[in-house]
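In this chain, residues are counted from 1 in sequence order.
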Amino acid sequence: AKMPVVKTLSDFVVREFKPDDIGELIEVDLMSDSSPFTAKQLTKILKRKNILCIVASSFQQVVGFIIVEMHKYDFTILNVAVFQSRDVEV
């Protein structure tokens, strides 16, 4: 997938996951992880009540996410994925 080049922080929106994001989460996870979740695993995890998923999007496209499992006194980060691009200008 071709992502737009992000030039400034104002090009990002950080928000809670929406069910419509699942396809893009799977795509980002596949691109950024050597052992990504399957679509079935990711869907099952995201349906649990103690899961928080925050996505970063740029130009209405998901470019990263974090999935956190919340417990009574602590939390566990289950996954962090960020779109990897070779087109990034430094």
N/O donor-acceptor pair under 3.5 Å between Thr38 side chain and Gln41 backbone: yes

Ser58 and Val63: CA distance, side-chain angles, deciding distance, side-chain contact (heavy atoms from CB on, under 4.5 Å) verdict: CA-CA 7 Å; Ser58 182; Val63 294; 4.1 Å; yes

Whether Glu24 side chain and Val62 backbone form a donor-acceptor pair below 3.5 Å: yes

Val28 versus Phe83, closest heavy-atom pair with distance: CG1-N, 3.7 Å

Residue pair Glu16 / Val55: nearest heavy atoms and the distance that separates them: O-CG2, 4.4 Å

Rounded distance [0.5 Å steps], CD in Glu69 versus CD1 in Ile67: 10.5 Å

Connected-component partners of Phe75 among ILVMFWY, side-chain separation under 4.5 Å: Val14, Leu52, Ile54, Ile66, Val68, Met70, Ile77, Val80

Asp21 (side chain) donor-acceptor with Lys18 (main chain) under 3.5 angstrom: yes

Ala39 versus Ile26, closest heavy-atom pair with distance: CB-CD1, 3.4 Å

Nearest-0.5 Å distance that lies between atom CD1 in Ile45 and atom CG in Leu78: 6.0 Å

Leu42 vs Pro36 side-chain heavy atoms within contact, under 4.5 Å: no

Donor-acceptor pair, side chain of Asp29 and main chain of Phe37, under 3.5 angstrom: yes

Gap separating the OG atom of Ser32 from the CZ atom of Phe65, nearest 0.5 angstrom: 6.0 Å

